[in-house]
Amino acid sequence: MTPDLVRRIADPDLPAADRTAAERDLCLQLAPRIRLYALRRLRDEAASADLVQEALISLLHNARAGKIEDVEHVERYALGTCRNLVLRLHRRERHARSFEESAIPLAEHALPPAFARLDATKLAMCLGKLALREQKVVLLTFQEDHSAQEIASTLNTSPENVRVLRHRALAALQRCVTGGHE
């Protein structure tokens with residue numbers, strides 16, 4: 001039954017309502033297995049729910065595009081997608097932990113008065129969530145006191161790109177620290 005659903009989703013000649021119904025049915029069939037897989041690997045209900053949603057979105061996107069070559073084994077494809085998502089999540093967590101361990105702790109008395117209430121641990125965690133290139137720009141700017149030109153030569157890019165990366169990184173940090181969307 002599941003392979004037929006994938007074929008229906010990928011069929012451009014099928015009416016949109018039928019494709020939508022096939023997508024719904026596919027999600028209803030695979031979501032419980034994906035959830036169990038996620039719970040077994042993540043041991044967290046909220047993280048598992050997020051993984052189910054992300055895996056189903058990826059699966060539907062690839063089914064619509066006709067990228068699932070072996071539709072007879074779509075369950076394997078879905079669980080492989082889950083495995084990759086879990087590995088990516090664990091990699092991000094390891095990266096954030098390693099960054100937190102290597103970050104130099106900020107003494108509150110060293111911060112200007114406006115930043116005295118800043119949660120340095122939260123800032124370090126948020127910095128760890130940035131892409132490696134953005135982290136380097138922020139650290140070279142504020143920890144090493146390098147200019148945009150010096151950072152550009154280190155990262156093999158232009159000073160303008162460094163300023164754009166820094167602007168985006170600081171905006172992401174602000175959202176993360178203040179509790180906005182990351």
Looking at every non-hydrogen atom in both residues, tell me the closest pair between [X] and [Y] and how far apart they are.
| X | Y | value |
| --- | --- | --- |
| Lys129 | Gln135 | N-NE2, 4.4 Å |
| Ala63 | Ala10 | O-CB, 3.3 Å |
| Ile9 | Ala22 | CG1-CB, 3.8 Å |
| Leu155 | Val137 | CD1-CG2, 3.5 Å |
| Ala152 | Pro159 | CB-N, 3.5 Å |

Derivation and outcome, side chain to side chain contact (heavy atoms under 4.5 Å, CB included), residues Leu59 and Val6 | CA-CA 10 Å; Leu59 178 68; Val6 175; over 6 Å; no
Interatomic spacing from [atom1] in [X] to [atom2] in [Y] - rounded to 0.5 Å:
| X | Y | atom1 | atom2 | result |
| --- | --- | --- | --- | --- |
| Arg8 | Asp13 | CZ | CG | 14.0 Å |
| Glu45 | Asp50 | CD | CG | 10.5 Å |
| Arg175 | Cys126 | CZ | SG | 10.5 Å |
| Asn62 | Glu69 | CG | CD | 10.5 Å |
| Ser48 | Leu36 | OG | CG | 9.5 Å |

Under a single-linkage rule joining Ile, Leu, Val, Met, Phe, Trp and Tyr whose side-chain heavy atoms are separated by less than 4.5 Å, which residues share a cluster with Leu28?
-> none
List, by chain and number, the other hydrophobic cluster members for Val86, where Ile, Leu, Val, Met, Phe, Trp and Tyr join if side-chain heavy atoms come within less than 4.5 Å, directly or indirectly.
-> Tyr37, Leu42, Leu51, Leu79, Leu85, Leu89
Under 3.5 Å, is there a donor-acceptor pair between the side chain of [X] and the main chain of [Y]?
| X | Y | answer |
| --- | --- | --- |
| Asp11 | Arg7 | no |
| Glu75 | Leu30 | no |
| Arg35 | Val52 | no |
| Thr81 | Tyr77 | yes |
| Glu72 | Pro3 | no |

Quick one: are Arg91 and Arg94 in side-chain contact, heavy atoms under 4.5 Å?
-> yes
Within-4.5 Å side-chain heavy-atom neighbours: Arg64 and Glu23 | yes
Decide whether [X] and [Y] are clustered together by the hydrophobic rule: side chain heavy atoms of Ile, Leu, Val, Met, Phe, Trp, Tyr closer than 4.5 Å, transitively.
| X | Y | answer |
| --- | --- | --- |
| Leu139 | Val177 | yes |
| Ile151 | Leu130 | no |
| Leu14 | Leu5 | no |
| Val162 | Leu170 | no |

Got a sec, which pairs hit salt bridge (Lys or Arg N to Asp or Glu O under 4.0 Å) with one end in residues 132-160, sequence neighbours left out?
->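 Only Glu160-Arg163 qualify under salt bridge (Lys or Arg N to Asp or Glu O under 4.0 Å).
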Can you establish whether the number of heavy atoms outside Gln53 located under 6.0 Å from its atom CD is more than 12?
->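 Incorrect, the count does not exceed 12.
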Near His167 NE2, under 6.0 Å, is it more than 12 heavy atoms from other residues, nucleotides or ligands?
->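 Atom NE2 in His167 is not packed in, count stays at 12 or less.
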